[in-house]
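Data block below; observations after.
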Protein chains: 4
Amino acid sequence: MNDEATSVVRVGVVGAGAMGAAHVQTLTRWVGGARVSAVHDADPERTAQVAQLAGARAAASAEQLVGADDVDAVLVAAPDPLHEELVLACLAGGLPVLCEKPLATGTEGSRRVVDAELAGGRRLVQVGFMRRFDPAYVELRALVRSGALGDVRAAHCVHRNAQAHPDATSEGVLVNSMIHELDVVPWLLDDPLAAVTVHAARVPAGALRDVQVAVLETVAGAVVTVEVSVNARYGYDIHTEVVGTAGTASLTPPYGLGVRRAGLSGRVVGGDFVARFADAYREELAAWVQGIREDRPVGPSAWDGHRANLAASAAVESLHGAGRVEVPHEPTPPLYA
Amino acid sequence: MNDEATSVVRVGVVGAGAMGAAHVQTLTRWVGGARVSAVHDADPERTAQVAQLAGARAAASAEQLVGADDVDAVLVAAPDPLHEELVLACLAGGLPVLCEKPLATGTEGSRRVVDAELAGGRRLVQVGFMRRFDPAYVELRALVRSGALGDVRAAHCVHRNAQAHPDATSEGVLVNSMIHELDVVPWLLDDPLAAVTVHAARVPAGALRDVQVAVLETVAGAVVTVEVSVNARYGYDIHTEVVGTAGTASLTPPYGLGVRRAGLSGRVVGGDFVARFADAYREELAAWVQGIREDRPVGPSAWDGHRANLAASAAVESLHGAGRVEVPHEPTPPLYA
Amino acid sequence: MNDEATSVVRVGVVGAGAMGAAHVQTLTRWVGGARVSAVHDADPERTAQVAQLAGARAAASAEQLVGADDVDAVLVAAPDPLHEELVLACLAGGLPVLCEKPLATGTEGSRRVVDAELAGGRRLVQVGFMRRFDPAYVELRALVRSGALGDVRAAHCVHRNAQAHPDATSEGVLVNSMIHELDVVPWLLDDPLAAVTVHAARVPAGALRDVQVAVLETVAGAVVTVEVSVNARYGYDIHTEVVGTAGTASLTPPYGLGVRRAGLSGRVVGGDFVARFADAYREELAAWVQGIREDRPVGPSAWDGHRANLAASAAVESLHGAGRVEVPHEPTPPLYA
Amino acid sequence: MNDEATSVVRVGVVGAGAMGAAHVQTLTRWVGGARVSAVHDADPERTAQVAQLAGARAAASAEQLVGADDVDAVLVAAPDPLHEELVLACLAGGLPVLCEKPLATGTEGSRRVVDAELAGGRRLVQVGFMRRFDPAYVELRALVRSGALGDVRAAHCVHRNAQAHPDATSEGVLVNSMIHELDVVPWLLDDPLAAVTVHAARVPAGALRDVQVAVLETVAGAVVTVEVSVNARYGYDIHTEVVGTAGTASLTPPYGLGVRRAGLSGRVVGGDFVARFADAYREELAAWVQGIREDRPVGPSAWDGHRANLAASAAVESLHGAGRVEVPHEPTPPLYA
């Protein structure tokens, strides 16, 4: 072995919860051209633990991280309400930033991020819609684009979490969970969302509005159903089928174990979305790092993050009783074209 | 072998198209206590052919069949517009009748049938919603009722025909195809339909509105999506998954062949709904005949046929631009309780 | 309704255990042209119960049934050691007989049955290899014959019973369970068996030799593996995949319920082979009855029963330590050609 | 970004065919602690191309690579006949080496490698049995070890290549393809192989002996079937099911696309084993590199490579007509315990 000089991207990570820790491990173990150099979390103990995992320094505050000499790029996995300000700080510092979804907690916030990036004139923001990097989603999109399915008329998505976070809200089902579909569906179909209607199952008074079903209409006229369940109990489960005039295509279940026991023949369903999308996260981070090294932004942009917020906002309005709500159409700024 | 006296139900069949001919074959081959005694179709050649299949007489008109001495019960598989009048004639004659869906071409018609049966004070009508006899639907319903799925929050149905009939209309997608789900979903969940919203995919001007997606809301508050495609091309395909708070349950694909060839590993999908539901039709006819022999009506009633019509009518209204349409609630007459 | 004369086959059933009772129900409920007229079982109570099910008389002995005036044909579902003598009695009486497998408990016995039938010069015996009537097996065989799989090089069979009969023996695993594959494989491939090698998993001393794996070699040179497990616990499960030079084809799992719960997504596996092969039994009995009515024997013959016995006998020899054992080739008598 | 000193393992790769090139890409893209520093292939053009991929130097000979100052460890992906001598050269130089399977082209060769490593007294060799790193195999092994399946009685493996290499031989089906199962099965079950019987399907004279089915017997008495097809045409397909007294467990199909078209509902089967085992290769190389960094050998050893060769040699003997052949039992040297 030999000590040698190589050029690596030094990543500062803000937020060391489950998602942040997983990103730190992925960067450390799997992404050749990157190194986690600094970690900050509101919880100093968690900061220290996760920093140690990566051989990184523990930063006492986000300020001590964003803009520090040993940080070339920032990964934001902090609580949602902090996303906007952290991303704006990175933009102010000219730092590439990968921000977990949502980009901001509302459409005004995500618009502010877009405006700040536009003002800088340079794409620095990637939003953590990792499904765009999932191998089967990528293949599915390629199949749709190839025309092999004919014209797309419908799609069906199921998004089930094993167990809701104790702080989950009925709006969060849309804003935190369904937002993945609100981003990935228009990307899959290459067809923006035009309207959304949310139908929530009735639940006991005061309970979380779970299950929620949205019907998305695309600009080209496809009809997309999305079920989100946040207490599915049996595991974390993601399905998507695209229905065209010449056939359908879907994601298969992830690779793993099949079992036959106790009157059942089936496959094991994991409960963990980090494991389910391990390849997607790995590809996402590798693409981000490679994009930074080549100064060539890739992946979902701030604009994509803003558009998902526009759709999520329409969905929340629908949930609150507005029926069918149109998703505002805002022209794509040239920077994102 | 020996000639002997047995008591069999002599069935007159009106309509000898694909469905009528299939029923004649099922009755002849599989249903011990029945015999097809007379057949009538508007096409004399078809009448003769199908009558010969069963060793039955060819009736020159429906009138020569309904009420004839050799007809104990009538199976109506004639074109939809004739259903109402044929069923009313049977009711007038006090004859048990199994009528293919829809019971009548509109809610006024199905209401007239219900009223006529109520006036007679005796249940004579069974509607051909054969899915209620399909073994997996029956098991699925039992599982729902057992409580093993917890509270039902959602369900997803897919109903795909390989190829639309040349005369298919956009309304027919709902009235002829989706009507099966409009009947079977409330039966499965033991929970009537409260509202329906139809979202039809955009198609080239003048083309059949295919694919259509309906969202059904039940009285108890479950949300049910139903996709109907009438030109699915790859085959006839029926899915249903019920989503409860403790797990989900679904119909598996029908038994048949798996193949691995040309880059695919999968199962063969047939194009034929008669074959797909062969067991259901067999059970349906056997139950009908047994019910007649025991003077104990079974299966979907005229009231069920009327309620499906009410839902289909609401769906058509929604398709025509009315958005979410409530399904009228009419109290169940005691005869059908 | 009307009483009328029809010509039906009056079936006498010998053996009213689970299999016999199931056959009585199938004949009564599903097979139009037949009627169970008499039942006999060594257990008078069971005789009475099952006879009542069918509205048949209870016969005090097999002799009172075979050859009685009210019995046109006999179904033998008695214990295996009685098969030979009952079938011989039917042959002596010129009666069509459907005998559950095995046709006799050894190759000498089955040869005696064949010789008796040959002496009579008329095919009267059908052996209860019901899988030949299973719809997916029938389709699989048609696909093999069509050439669509290319040349068949291999096949894999799995045959799992949920729980062994308390009297099960290690030889019985082959003679009672694997015998289905020993019959159906050469029929599927249209290619007789040439040799068999049995590999039994090691078990605690004195325990039933379960699991057993046989390798069958066909005359044309295909290699077929057959696993039989008689205590699979999780359910009754049958698989067959045929491997050709152009692809493979297999039986899919039977139709039923899929469930997602407790970390698993799968399908329900039943424990009951009668339910698993309900369609096959129905088709088997209907074809038998129709064959009798048309005086045209169908289905597996006494010769097929004898050939399966030859293969099973070779398998037992292999199990007892003989390694690879050739299946004796006996030329097919013209009556069975 | 910043230039900084890090300690990385500099890997020299011998052999730049499909497998070698894939390893170079995996190391470069995915394995953080490693760098490909030198590449050699008999074909200078390929050497140059693959070296460029990795930013490595092109070595003119294997000698210029093994033992060079810029090579900390060697990956051998050269043609099989060169494996032994290259591994011996690495051992002579005290270099960690990952050698593609087989470790040597015969049992004498693999024994010589073992002896050389034993003489050195230090484990330096890892053999490229990558399936041991595949996530589902790892889970399957853990499940077997947990006892959840009860006692293992049988297993079934299918190993199908889409298309044989033009130079493929009948022995190669065993030595190059089935060798994966000959390694992974005893590892999965933690139970060495005791005997092997190969049954090859009959093929036209002179043709490759494809399909071959082996029955493996383990020391503990389990019976394992392995089908290898090298011209499966439809794709590359790997199955393994372990059958225990309490249930079975299996690998599910890999993640990817499902499609419904042209009368089929299924999943896409890829033709490429590198893609199929991408995760396994990634984990294999990462574990190798990490093991080198920590001076803690992991993964399949030279001894494992030798044992697989012993089994493959027995299989070849069986193919050549020897029937059931016992796998020689050689006591495990302490270095490998």
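Values reported hereafter were calculated over all heavy atoms of this structure, with side chains retained and with hydrogens, waters and symmetry mates removed. Reminder, nothing fancy here: chain letters follow the sequence lines and each chain counts from 1.
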Proximity breakdown for [X] and chain A, heavy-atom pairs closer than 4.5 Å:
X	value
D:Leu27	neither
D:Ala246	backbone
D:Glu241	side chain

Heavy-atom pairs under 4.5 Å with chain A, option from [options] with the top count:
options	result
D:Val243, D:Val268, D:Val138, D:Thr252	D:Thr252
D:Ala249, D:Ala278, D:Pro135	D:Ala249
D:Ala262, D:Gly256, D:Gly33, D:Ser265	D:Gly256
D:Gly247, D:Gly32, D:Ser250	D:Ser250
D:Arg267, D:Gln290, D:Glu283	D:Glu283
D:Leu251, D:Val242, D:Thr248, D:Val259	D:Thr248

key: Test side chain to side chain contact (heavy atoms under 4.5 Å, CB included) applied to D:Leu140 and A:Leu257, step by step   = CA-CA 7 Å; D:Leu140 181 52; A:Leu257 279 194; 3.7 Å; yes
ask   = Looking at A:Gly244, A:Ala136, A:Gly258, A:Ala73, which has the largest count of heavy-atom pairs under 4.5 Å with chain D?
value = A:Gly258
task = May I have the step-by-step check of side-chain hydrogen bond (donor to acceptor under 3.5 Å, both in side chains) for A:Asp134 and D:Tyr255, ending in yes or no?
result = CA-CA 10 Å; A:Asp134 175 84; D:Tyr255 183 50; 2.7 Å; yes
message = For the CG atom of D:Leu143 and the CZ atom of A:Arg261, what is their distance to the nearest 0.5 Å?
response = 7.0 Å
request  = Show the numbers, then the answer: is there a side chain to side chain contact (heavy atoms under 4.5 Å, CB included) between D:Asp279 and A:Arg282?
outcome  = CA-CA 11 Å; D:Asp279 275 350; A:Arg282 190 153 44 198; 3.2 Å; yes
